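This report concerns only the one structure given below.
Numbers restart at 1 for each chain; the letters A, B, ... are given by sequence-line order, proteins then strands. In this text, all values refer to a predicted model and were calculated from it rather than measured experimentally.
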There are 2 protein chains.
Amino acid sequence: MASIKDVAARAGVSVATVSRVLNDHPSVSADARTRVLAAVEALGYRPNAVARSLRTDQTRTLGLVISDVMNPYFTELARSVEEEARALGYSVIIGNADERPDLQDHHVTTLLDRRIDGLLVSPTDGGSPRMLDAARTGTPMVFVDRWIPGVDVPVVRSDGRGAVRDLVAHLYGLGHRRLAIIAGPAATTTGRERVDAFREALGAYGLALPDAYIGQGDFQADSGRRVTEGFLDLAEPPEVVFAADNLMALGALDAVRARGLRVPDDIALAAFDDIPWFVHTDPPVTAVAQPTRELGRAAVRALVDRVEGRPGASVTLPARLVVRRSCGEPTPPQSPSPVRRSTS
Amino acid sequence: MASIKDVAARAGVSVATVSRVLNDHPSVSADARTRVLAAVEALGYRPNAVARSLRTDQTRTLGLVISDVMNPYFTELARSVEEEARALGYSVIIGNADERPDLQDHHVTTLLDRRIDGLLVSPTDGGSPRMLDAARTGTPMVFVDRWIPGVDVPVVRSDGRGAVRDLVAHLYGLGHRRLAIIAGPAATTTGRERVDAFREALGAYGLALPDAYIGQGDFQADSGRRVTEGFLDLAEPPEVVFAADNLMALGALDAVRARGLRVPDDIALAAFDDIPWFVHTDPPVTAVAQPTRELGRAAVRALVDRVEGRPGASVTLPARLVVRRSCGEPTPPQSPSPVRRSTS
DNA sequence: ATCCTCCGTGTAATCGATTCCACGAGGAGG
DNA sequence: CCTCCTCGTGGAATCGATTACACGGAGGAT
């Protein structure tokens, strides 16, 4: 592969001049410039990014460590991150932690070894040693979706409180009183927050959230299945199951179906994180939708701000409720329409 | 960030010795080794992968350029690729082409600029200039899922012929005679092959595949919707729509539902590429399942073989049919059971 | 005792870029 | 005509590693 020396030789100039042309530095004569460009063309030369990074101490690369690529929410997040990064002249390297702290640490380590300019993380747990280290030693860093309390790093996330309140109002309006939640891991902020928001919203209607109605999941489908089975085995099973992510909702759907029960007739279901597939499930699933694209863009902008020496602030965007049929009869249409009988 | 020099100074040895310890070269005294290790520990030193890559001319990184990350099939492929690569001591950088040749080229270029050791590609089109160039100039490369005829690069893919034959048999057995297909882009091998396999299988039952029953899609949901609407507008609409990928199947499902029609009663639906969500759609979708995980692993193994100087062979794995309810009455169980009436 | 080997170590070249500094030519100003 | 800038250019240092080569000392063989 041709190097800058080959180009210099062919153009009859020094490597310094070639470098200047490549980085369009002003003081190069028009003549030299054309000769260099011709040589570059002829040799199909492309600068070696590795060498360039070593010298300039910047890779124009961002690292993104997410909890689980197979989760459509994170896939979409990753996509929007890459899009925005590309627009800003950066590449992104994705590390999939698969909800495993050890894997998360592995990716943070290799990313740091590669001297990425900045790190975007959606932490799987309370914070692995390497990550905390990176945050402390000043690697530009931004948390997205989930974060770690007490670590001084901007956080880009969405606030689901409003949407969860809307959800509970919707459920209450449909006559549901026994509401259960499949929580995410307590080590994650989203795992805790969603339970808190749910409990708080319930409180506004004078409803409690008994421990038996809080199932411990891990954001994976299997745990949703397991927890739901537990709910169904209760002497007084809940009327609604609210899954703290889409994968656990899928597991819940499985469990309900495996018992020969139907959603929403026998038990209602709602989920955090809306995804395209929820439109097509049987029945379509009511969900709290995060502004995923905007989250990704905002996170990249905050990170690049930090990388380039600007402040880089935290951002919180509101989530919103998307009502479908998995919790019962949809709300009646606004326009005049035939009277509907309640399903209760 | 500490460099090898700092470690050398602290351990009271030369950088050469430090390097030897790090790469566990045999000729280092036990004493020097412990002192170096202690210094490494104390400084929290991690070798700079950029510098190392420049010197050794290898990055231990693989590039993966896929057509569309949002497609669960490719997400799963990407995941298994990363897994296998990690097991073999490599990292992978994913480039999402979004079915756009220009984006594909962008990613191939930046990947090559970074001097990745090998490239895994699922080409979006007939082959962008940079990619063809890379193949010609000897960059270790392997095609996965899709490939480009005439380019001398190993191909790891799955053969859907058998499964498509099974699908047609299934459909024929259900009494369906007018079968249509939503094809992928003709520029992709999978786009063409799936149509060919379908036509061939139809031929075995004396069925033709008229042009009107071949809709041109682009592997995205929208095109599936559009094509399906076209089919439904036909004077004699097909009884079955076979989508050449899962996203177009989703679009087809949308289109059918938007007309107030039902699957499979009014029109049957089948898809290429099985995904977890197909179990939960209304109705569950019959699909041709590729051995995605194995494909990813095999592709990485073939690529790493090439990277490390071994031959690196093509691999073709069979796909299989997964029957669900979207094409009509499921096949009767094997065990003795009441006689069933045909749905025809 | 002498010579040869082998082992552990350090010096320095190298990878491919960027960039500081020096230098020569040419133009402007005195 | 001389001096001083400015401009374009090249030489060389540098980034942080790896590794060929040289060298000194210890130990074995004769």
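The side chain of A:Ile4 has C:dG16 as its nearest neighbour among D:dT18, C:dG16, D:dG10. The side chain of B:Ser27 lies closest to C:dT9 when the candidates are C:dT9, D:dT9, D:dA17.
Residue-to-nucleotide proximity on DNA chain D shows that, of A:Val15 and A:Ala32, the 5′-proximal contact is made by A:Ala32. Of the two residues contacting DNA chain C, namely B:Asp57 and B:Arg20, the nearest-nucleotide position lying further toward the 5' end is that of B:Arg20. Across the interface with DNA chain C, nearest-nucleotide mapping of B:Ala16 and A:Pro47 shows B:Ala16 to be the residue nearer the 5′ end.
The shortest distance between side-chain heavy atoms of B:Asp113 and A:Val50 does not fall below 4.5 Å. Residues B:Arg46 and A:Leu112 have side chains not in contact (no heavy-atom distance under 4.5 Å, counting atoms from C-beta outward). Annotation: side chain of B:Ile116 is not in contact with side chain of B:Leu62 (no heavy-atom distance under 4.5 Å).
A:Arg114 places its CZ atom 15 Å from the P atom of D:dA17, with the value rounded to the nearest Å. The NZ-P distance, from A:Lys5 to C:dT18, rounds to 14 Å in whole Å. For B:Arg115 and C:dA17, the CZ to P distance is 7 Å, given to the nearest whole Å. Remark: C1' of C:dA17 and NE2 of A:His25 are 16 Å apart, rounded to the nearest angstrom. Counting to the nearest Å, the P atom of D:dT9 and the CZ atom of A:Arg35 are 8 Å from each other. Rounded to an integer number of Å, the gap from B:Leu43 CG to D:dA17 P is 12 Å. Rounded to a whole Å, the CG atom of A:Leu54 is 12 Å from the P atom of C:dT19. One interatomic measurement links the two molecules: CG of A:Asn48 to P of D:dC15, which rounds to 18 Å at whole-angstrom precision.
Across all strands shown, A:Thr17 has heavy atoms under 4.0 Å from sugar-phosphate atoms exclusively, and none from any base. When heavy atoms are screened at a 4.0 angstrom cut-off, B:Ala49 is found touching no nucleic acid atom at all. In this structure, B:Val18 reaches neither bases nor backbone, as no heavy-atom distance under 4.0 Å exists between it and the strands shown. Nucleic acid contact for A:Thr56: sugar-phosphate only, since backbone atoms but no base atoms lie under 4.0 Å from a heavy atom of the residue. Residue contacts shown for A:Ser19 include a base, since a base heavy atom lies under 4.0 Å away.
For B:Asn23, a side-chain nitrogen or oxygen approaches OP1 or OP2 of D:dT18 to under 4.0 Å. An OP1 or OP2 oxygen of C:dA17 is reached within less than 4.0 angstrom by no side-chain nitrogen or oxygen of A:Ser53. One finds a side-chain N or O of B:Arg52 lying less than 4.0 angstrom from the OP1 or OP2 phosphate oxygen of D:dT18.
The backbone N or O of B:His25 lies less than 3.5 Å from no partner atom in the side chain of B:Asn23, so there is not a single donor-acceptor pair.
Remark: the A:Arg55 side chain and the D:dG16 base include no donor-acceptor N/O pair separated by less than 3.5 Å. Not a single donor-acceptor pair, N or O on each side, falls under 3.5 Å between the base of D:dG8 and the side chain of A:Arg33.
In this model, no donor atom of one side chain and acceptor atom of the other lie less than 3.5 Å apart for B:Glu82 and A:Asn96.
Here OG of B:Ser67 is found 9.0 Å from CG of B:Leu77. Values are rounded to the nearest 0.5 Å.
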